[in-house]
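Report on the following structure.
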Amino acid sequence: MSNVRVRFAPSPTGGLHLGGIRTVLYNYLFAKKHGGKFVLRIEDTDQGRYVEGAEEYIMECLKWINIEPDESPANPGTYGPYRQSERKANGIYQQYAEQLIRDGHAYYAFDTPEELEAMRQLHRTDANPTPQYDHKLRKQMRNSLSLDAETTKRLLDEKTRYVVRIKMPENETVGFTDMIRGEVNFETSLIDDKVLLKADGMPTYHLAVVVDDKLMEITHAFRGEEWLPSAPVHILLWKYLFGFEHMPKWAHLPLILGPNGKLSKRDGAKYGFPVFAMNWTDPKTNELTEGFREKGFLPEAFINLLALLGWNDGSEKELFTLTELIHQFSMERVHSAGAKFDYEKARWFNHEWIKLLDADKLTKAVVPLLKAEGIETKDEDFILQVIKTVRDRCTLLPDFVTQSSFFFKAPISWDLPAVKPKWNADKEKFFHLFAEELDATPDWQSAFIEDAFKTIAALQQIKPGELQLPFRIMLVGGKFGPPVFDIAAIIGRKETIARIKSAVKAFSE
RNA sequence: GGCCCGUUCGUCUAAGGGCUAGGACACCACCCUUUCACGGUGGUGAUACGGGUUCGAAUCCCGUACGGGCUACCA
């Protein structure tokens, strides 16, 4: 199977939250697994308006998670255009809409927004809170089915604004096989006459997705479960326009849920976790939505946690590289129920990846954060060593700053309440002797430093345990970090002695 | 309201008619560690409910309840 073409069209506001990216991921994994192409169509409009910077944002997100589309605006093949904003230009949707009208599957509707609202007002009851423009009501509206041919022609000649609506059959069962859910059926009598072409000439999603998928020769179409109710419209359009034999196989992916239903952009701010891949600032409102990248997630972890939210390979394995995911992925193993997003587990994935990732790669990710804190990062060997010794205690990338800054700079302050109460002249003397001994130690290694420490402690008849905490606080400033003697070994003889001396002074004041 | 989808520990999930329903996150305890972590061992904890079918049901069927989605000239 090498002719698979899967398509995904992320939009800037809705498309790149967790659910959207997982959909991209699954599209990508499926295409790669089956040797096919992953084609990206950019939804750079929102509510019909062009969104500044959307395309760049989307492409950067995909680059971050290392998913490069085989075809996209930046990397076109022969099936473009790849931008939502280019859709209207070629007039192709208009052409298909007119074909549907000629064949009796669609019609012109001249109703103004006010008239539509009036209709809804009129028919709204408790039993029917959302009246539909459907086969029962369309006869009462102003359209080419209710109006005579002459009037229709006159309205069109007068350039009256119109939309094209699908003419839903009155009594048919429309069904299809979903790759995840199996057979799904709908009664057309209950479905409304969806708008296919808007008054401005733009297609709605319903027309666009069918026409695009055909023109792009898409074989598999995966999207969120929220699209399931409109699937019958798309099935019917395929039947009318191109025939079922060309229709892609569908899969409706389960939703990713927040604490209250479908995960929304707002949930992030509300519950303190990111919902977008990267920071996104809405150009109109200037509102910032936080991203996983900026929060300190590794792309490897992000992909991993997303893939496992609703899918597993049947074993107990939880940690997968992108390559492994491509090998193992199968749409049949995607869970059909929605998954509630658990930020704690997401953090766990990142922690695992921080422990797992190649140290050089990890260093590359951490260095910019250290730089931002004004930490000098020229000595690569030194940084690598530091990162290796602190990685186990870091969950998010910014943890590296707090966990390692003392390797680069002496502490600015010490946790005095932790030492002062038990500080005395004997201990002060010990550290004087210890500093002298360190100055003379031939080899500067963790084990030698520890030996010196214990020997002098024995000589002075102080338990080493009572001295380790003060020593740690001298080097680190607080009660955290890797083993003290390792820290001393890494920061070096001169620096260790200097920190002991300045701390002893402060402790004895 | 109508339509559609769904329902296994608090959360993500495994088990596709047959062992004491398995794992992971989180939580708790212990061990390791004279810091904080990592790690190790163990523990608490689930098949929504009611009917069928069957020798046998988490698994198949029906109903109920609950949850979610959709119901725009948004996607």
Side-chain angles (χ1 to χ4, degrees), chain A residues 9-11 13-15 20 43 45-49 84 109 111-113 116 120 124-134 161-165 178 180-181 184-187 189-192 194-206 208-209 223-232 252 254-255 257 259-262 305 308-319 335-349 351-352 355 390-395 399 403 415 418 463-469 471-473 476 478-484 487:
Chain A
S11 74
T13 53
E43 299 284 354
T45 61
D46 178 40
Q47 314 284 312
R49 281 180 296 272
Q84 169 86 12
D111 317 276
T112 62
L116 288 174
R120 290 187 183 113
R124 188 169 358 242
T125 60
D126 284 348
N128 181 18
T130 49
Q132 301 194 118
Y133 199 123
D134 60 13
R161 282 173 73 85
Y162 68 86
V163 300
V164 176
R165 285 180 182 270
D178 186 279
I180 297 170
R181 287 153 221 282
V184 186
N185 292 299
F186 301 85
E187 295 303 322
S189 61
L190 301 164
I191 303 171
D192 61 334
K194 290 273 182 250
V195 171
L196 301 178
L197 202 68
K198 299 188 263 182
D200 62 2
M202 278 282 233
T204 59
Y205 175 83
H206 306 298
V209 75
R223 74 231 293 200
E225 192 187 337
E226 69 269 29
W227 288 107
L228 207 39
S230 44
H252 291 86
L255 262 14
L257 276 9
N260 301 300
K262 188 167 121 175
L305 72 92
L308 271 279
L309 208 52
W311 173 88
N312 70 82
D313 74 344
S315 73
E316 281 171 2
K317 186 176 163 73
E318 290 200 276
L319 267 14
H335 214 224
S336 52
K340 201 175 283 182
F341 178 66
D342 181 358
Y343 188 51
E344 282 308 316
K345 182 103 188 206
R347 286 164 51 86
W348 174 81
F349 272 109
H351 190 193
E352 291 302 307
K355 289 191 286 181
V390 301
R391 69 193 309 184
D392 281 1
R393 50 206 89 208
C394 296
T395 300
D399 294 342
Q403 286 294 336
D415 184 354
K463 283 184 200 148
E466 287 185 39
L467 297 162
Q468 271 200 32
L469 187 65
F471 187 31
R472 162 171 301 281
I473 288 171
V476 176
K479 290 191 277 188
F480 63 96
V484 247
I487 298 173

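Computed over heavy atoms, backbone and side chain alike; hydrogens, waters and symmetry mates excluded. Per chain, numbering begins at 1; letters A, B, ... match sequence-line order.
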Identify whether any heavy atom of [X] sits under 4.0 Å from a base atom; if not, whether one sits that close to sugar-phosphate; answer base, sugar-phosphate or nothing.
X         : answer
Phe186(A) : sugar-phosphate
Val390(A) : nothing
Gly478(A) : nothing
Asn185(A) : sugar-phosphate
Thr130(A) : base
Val195(A) : sugar-phosphate
Arg120(A) : sugar-phosphate
Asp111(A) : base
Ile191(A) : nothing
Arg165(A) : sugar-phosphate

Please tell me if [X] has a side-chain N or O lying less than 4.0 Å from either OP1 or OP2 of [N].
X         : N      : answer
Lys355(A) : G39(B) : yes
Asn312(A) : A14(B) : yes
His351(A) : A37(B) : no
Lys262(A) : G6(B)  : no

query = With distance as the sole criterion, do the side chain of Lys345(A) and the base of A26(B) form a donor-acceptor contact below 3.5 Å?
reply =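 Flag unset: no donor-acceptor pair detected.
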Classify the side chain of Arg393(A) and the base of C36(B) as holding, or not holding, a donor-acceptor pair under 3.5 Å.
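Counting by modelled atom types and ignoring angles, a donor-acceptor contact under 3.5 Å is found here.
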Given [options], identify the nucleotide with an atom nearest to the side chain of [X].
X         : options                : answer
Lys198(A) : C38(B), U34(B), C73(B) : C73(B)
Lys479(A) : U35(B), G39(B), A24(B) : U35(B)
Glu225(A) : G68(B), U71(B), A75(B) : G68(B)

Q. P atom, C9(B) versus G22(B): distance in rounded Å?
A.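 Roughly 14 Å separates the two P atoms.
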Inset, instruction - Quote, to the nearest angstrom, the P distance that separates A26(B) from U35(B). - result: 22 Å
